[in-house]
Amino acid sequence: MPDTALHDWNLAPKEAIALQKRLAGRVEREDRLDTVRHLAGVDIGFEQDGAITRAAVVVLAWPPEAEGAFTVVERVVHREPTRMPYVPGLLSFREVPAALGAFEKLTTRPQLAMVDGQGIAHPRRIGVASHLGLWLDLPTIGVAKTRLCGRHDEPGPARGDWVPLVDGPEDETIGAVLRSRAKVKPIFVSPGHRVSLHTALDWVVACLGRTKLPEPTRLADRLASRRDFKKGE
DNA sequence: GCGACAG
DNA sequence: ATCTTGTCGC
């Protein structure tokens with residue numbers, strides 16, 4: 001819970017970067033996931049040519065009934081006018097406000113959340129997953145479909161194979177490139193807040209079904225991009 | 001100066 | 001992110 005009063009989500013790039021540098025120091029990476037009973041998936045989509053930001057949060061019961069078979073406990077959608085354009089490295093300022101709106105509508109309080117985007121695998125080590133986790137004081141894991149920064153080798157071909165994602169002059173490990181499904185481009189997993197890379201990988205692998213994305217993020221994706229039918233808005 | 005660049 | 005046809009595989 002950063003200094004709320006001082007956090008403006010409509011900052012100019014220069015100020016946004018300065019804020020990220022300050023907040024990055026508060027991002028923790030410990031393991032405090034003993035009693036997880038509810039796991040959330042978070043993703044943001046857009047409507048009306050980007051004019052409306054649509055945040056979706058799906059809460060799943062842990063553990064699953066079977067491999068990749070989770071029980072959906074709650075699903076919420078929050079829409080609001082888009083406030084910022086997309087700028088690589090400053091995604092949080094565009095998506096987090098809407099995500100917070102969705103969390104406010106939530107009846108359940110998850111103990112862990114997987115967010116579509118990077119965690120600390122970010123130039124200043126504070127991607128959307130980390131920023132959201134810091135703000136909600138909630139353990140989070142970043143699950144991105146493509147790379148933002150860092151270097152890596154090609155992970156093995158088998159599901160579960162992974163290689164470290166490193167960055168900086170000293171090859172600091174900032175995440176992992178995981179083959180979540182055979183024959184498919186790997187995903188980028190990184191610690192968000194209060195989670196280590198090892199723990200992040202364990203959770204993501206444990207949530208994999210037969211698809212490329214882990215269930216939490218996959219379901220949130222569908223709801224955010226209204227590819228989800230059933231209930232919802 | 002020339003690329004790279006989450007969603 | 002979003003748009004959009006066809007195609008491949010379980």
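Sequence lines set the chain letters: A, B, ... in the order given, protein chains first and strands last, and positions in each chain run from 1. The figures here come from the full heavy-atom set of this structure, side chains too, leaving out hydrogens, waters and symmetry mates. Please read all numbers here as calculations on a predicted model, not as lab measurements.
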Which is true for [X] with a 4.0 Å heavy-atom rule: it touches a base, it touches only sugar-phosphate, or it touches nothing?
X       : value
G142(A) : nothing
L90(A)  : base
Y86(A)  : base
V87(A)  : nothing
G127(A) : base

Check: Does R151(A) come within less than 4.0 Å of D171(A), counting only side-chain N to carboxylate O?
Finding: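 Salt bridge: yes.
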Notebook entry, point to check: So, E80(A) and R54(A), do they make that salt bridge, N to O below 4.0 Å?
Noted result: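 Here E80(A) does not pair with R54(A) in a salt bridge, since their nearest N and O are not under 4.0 Å apart.
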Check: When you measure from the side chain of K145(A), which nucleotide among dT2(C), dG7(B), dA6(B) comes out closest?
Finding: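 Side chain of K145(A) sits closest to dG7(B).
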Next item on the list: For the side chain of E95(A), starting at C-beta, report the closest nucleotide among dG7(B), dA6(B), dT2(C).
Entry: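 Of dG7(B), dA6(B), dT2(C), dG7(B) is nearest to the side chain of E95(A).
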Notebook entry, point to check: Just to confirm, is there a sub-4.0 Å distance from OP1 or OP2 of dC5(B) to any side-chain nitrogen or oxygen of T146(A)?
Noted result: no
Item checked: R147(A) vs dC5(B): side-chain N/O to OP1/OP2 distance below 4.0 Å -> yes
Check: Under 6.0 Å between ring centres, would you say that holds for H7(A) and H131(A)?
Finding: yes
Margin query: Return whichever of K183(A) or D116(A) has its heavy-atom-nearest nucleotide of DNA chain C closer to the 5' end.
Written below: D116(A)
Margin query: Given 3.5 Å as the limit, does a donor-acceptor pair link the side chain of T140(A) with the main chain of H193(A), or not?
Written below: yes
Note to self: Using the six-membered base ring of dA6(B), report whether F188(A) stacks on it, requiring centroids under 5.5 Å and planes under 30° apart.
What the structure shows: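 Here the ring of F188(A) and the base of dA6(B) are not stacked, as the 5.5 Å and 30° limits are not both satisfied.
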Checklist line | Student check: side-chain heavy atoms of V76(A) and E74(A) closer than 4.5 Å | finding: yes
Checklist line | Donor-acceptor side-chain pairing of T35(A) and Q111(A) below 3.5 angstrom | finding: no
Note to self: Output the pairing pattern of DNA chain C as a dot-bracket string, 5' first, Watson-Crick or G-U wobble with both distances under 3.5 Å, | for cross-strand pairs, [ ] for crossing pairs.
What the structure shows: ..........
Next item on the list: Provide the closest heavy-atom pair for L136(A) versus L100(A) in the form atom of the first, atom of the second, distance.
Entry: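 Shortest heavy-atom separation between L136(A) and L100(A) comes out as CD2-CD2, 3.6 Å.
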Notebook entry, point to check: What is the distance from CG of D221(A) to C1' of dT2(C), rounded to the nearest Å?
Noted result: 13 Å
